[in-house]
Number of protein chains: 2
Amino acid sequence: MTGQRHDLGATFVRLSRAVVAAEQPVLAELGVEMWDYVVLSALRDGPAHSQARLAAATGRDTTRLIPILDRLEARGLLRRTPDPADRRNRIVELTDSGTELTATCQAAIRTLEARLLAGLPGDERTAFITTLERLAELISAQRGAH
Amino acid sequence: MTGQRHDLGATFVRLSRAVVAAEQPVLAELGVEMWDYVVLSALRDGPAHSQARLAAATGRDTTRLIPILDRLEARGLLRRTPDPADRRNRIVELTDSGTELTATCQAAIRTLEARLLAGLPGDERTAFITTLERLAELISAQRGAH
DNA sequence: TATTGTTATACTCTATAACTATA
DNA sequence: TATAGTTATAGAGTATAACAATA
């Protein structure tokens with residue numbers, strides 16, 4: 001008997017919805033949808049060697065990823081080039097303008113998050129973030145082992 | 001610059017999906033879907049004075065709630081009775097068998113959650129849960145004030 | 001007339017299954 | 001033949017609008 005008041009899952013879902021709802025207008029002002037941002041962020045640290053890998057990294061399947069990539073490519077934010085080593089694969093990478101927009105978005109998101117977390121004392125906040133990240137990895141690992 | 005590695009929203013969404021995915025088979029074994037469980041849980045502490053309130057409490061709108069209530073009522077897990085004071089309203093409450101099943105589900109969910117959290121040291125775990133609940137309330141309040 | 005619950009319709013999102021090209 | 005990407009179709013989930021009962 002832990003005295004937990006709510007279910008963990010319900011609380012996570014509730015928080016997710018609240019945070020996403022708060023983030024959407026911030027991104028919309030930059031002309032970016034939530035899933036655009038997820039894809040751009042996934043490419044921030046370097047190109048994806050195939051669309052399949054990018055889909056796995058972002059939690060979408062390949063078919064749902066395509067219209068997003070189409071849109072972002074049409075806006076000149078990323079490039080899809082066939083991999084010379086295996087021309088079935090498309091290497092996906094940010095353009096300069098994509099890198100710039102991604103940084104702008106991320107800064108805006110971080111500012112918002114700081115505001116959302118402002119009600120927590122500083123040390124509690126950092127401890128929370130640390131545990132949260134650790135838990136996300138732990139649970140992902142458990143699922144992987146299913 | 002906080003040194004956060006991932007976006008808060010992305011981490012919450014990732015965790016939500018992982019936890020829900022883990023919970024679904026546990027509930028399915030009891031013949032309960034996720035949204036059934038959300039509704040049953042909302043009624044655990046007492047009847048809802050109208051379906052509209054129940055919808056708000058569970059984050060569904062009234063139209064989406066109805067088929068769920070139909071199903072649970074047909075299974076004899078809850079009752080919808082017109083409020084004598086205003087017969088437009090339906091009071092929704094668990095039957096005895098609904099109360100029993102809800103308790104069984106909740107116990108199963110709590111067991112699963114304990115397993116998911118088992119990788120965290122005890123004191124870190126309780127601190128995390130405390131902050132999580134507090135943050136959920138904080139952010140809900142901020143949204144309410146929009 | 002306004003509101004609760006209900007039903008019916010339309011729309012969006014997601015998943016499944018074919019199709020093209022490379023290997 | 002197998003795989004990456006793409007396109008097309010079908011299905012589930014969600015939202016919008018009309019309807020009946022009550023106030």
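Per chain, numbering begins at 1; letters A, B, ... match sequence-line order.
- Taking B:D83 as the reference, nothing meets the side chain to side chain donor-acceptor pair (under 3.5 Å) condition, with sequence neighbours excluded.
- The aromatic rings of B:F128 and A:F128 lie parallel to each other, their planes meeting at an angle below 30°, with 60° marking the opposite boundary.
- What separates CZ of A:R64 from P of D:dG11 is a distance of 18 Å, to the nearest Å.
- First and last contacts of DNA chain C with chain A, using any nucleotide atom under 4.0 Å from a protein heavy atom and ordered 5' to 3', fall at C:dT14 to C:dA23.
- Formation of a donor-acceptor pair under 3.5 Å by the A:Q51 side chain with backbone atoms of A:L65 is not found in this model.
- Taking side-chain N and O atoms only, B:R60 has a distance below 4.0 Å to OP1 or OP2 of D:dT14.
- Rounded to an integer number of Å, the gap from CG of B:L65 to P of D:dG13 is 16 Å.
- The stretch residues 25-33 of chain B does not touch DNA chain C, since none of its heavy atoms comes less than 4.0 Å from the strand.
- Under the 4.5 Å side-chain criterion, counting only non-hydrogen atoms from C-beta, B:R90 is not in contact with B:L69.
- Between B:R14 and B:D7 no salt bridge is recorded (no basic side-chain N to carboxylate O distance below 4.0 Å).
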| Nucleic acid footprint by protein, nucleotides 2-8 of chain D - heavy-atom cut-off 4.0 Å, B for base, S for sugar-phosphate alone | BBSSBB-

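- For A:T131, the side chain to side chain donor-acceptor pair (under 3.5 Å) partners are B:E124, not counting sequence neighbours.
- When atom types are taken as modelled, the side chain of A:R125 and the backbone of A:L117 share a donor-acceptor pair closer than 3.5 angstrom.
- Taking the side-chain contact (heavy atoms from CB on, under 4.5 Å) definition, one finds that A:T130 meets it with nothing, sequence neighbours left out.
- To the nearest 0.5 Å, atom CG of residue B:L40 and atom CD1 of residue B:I68 are 10.0 Å apart.
- Rounded to the nearest 0.5 Å, atoms OG1 (A:T102) and CG (A:L94) are 4.5 Å apart.
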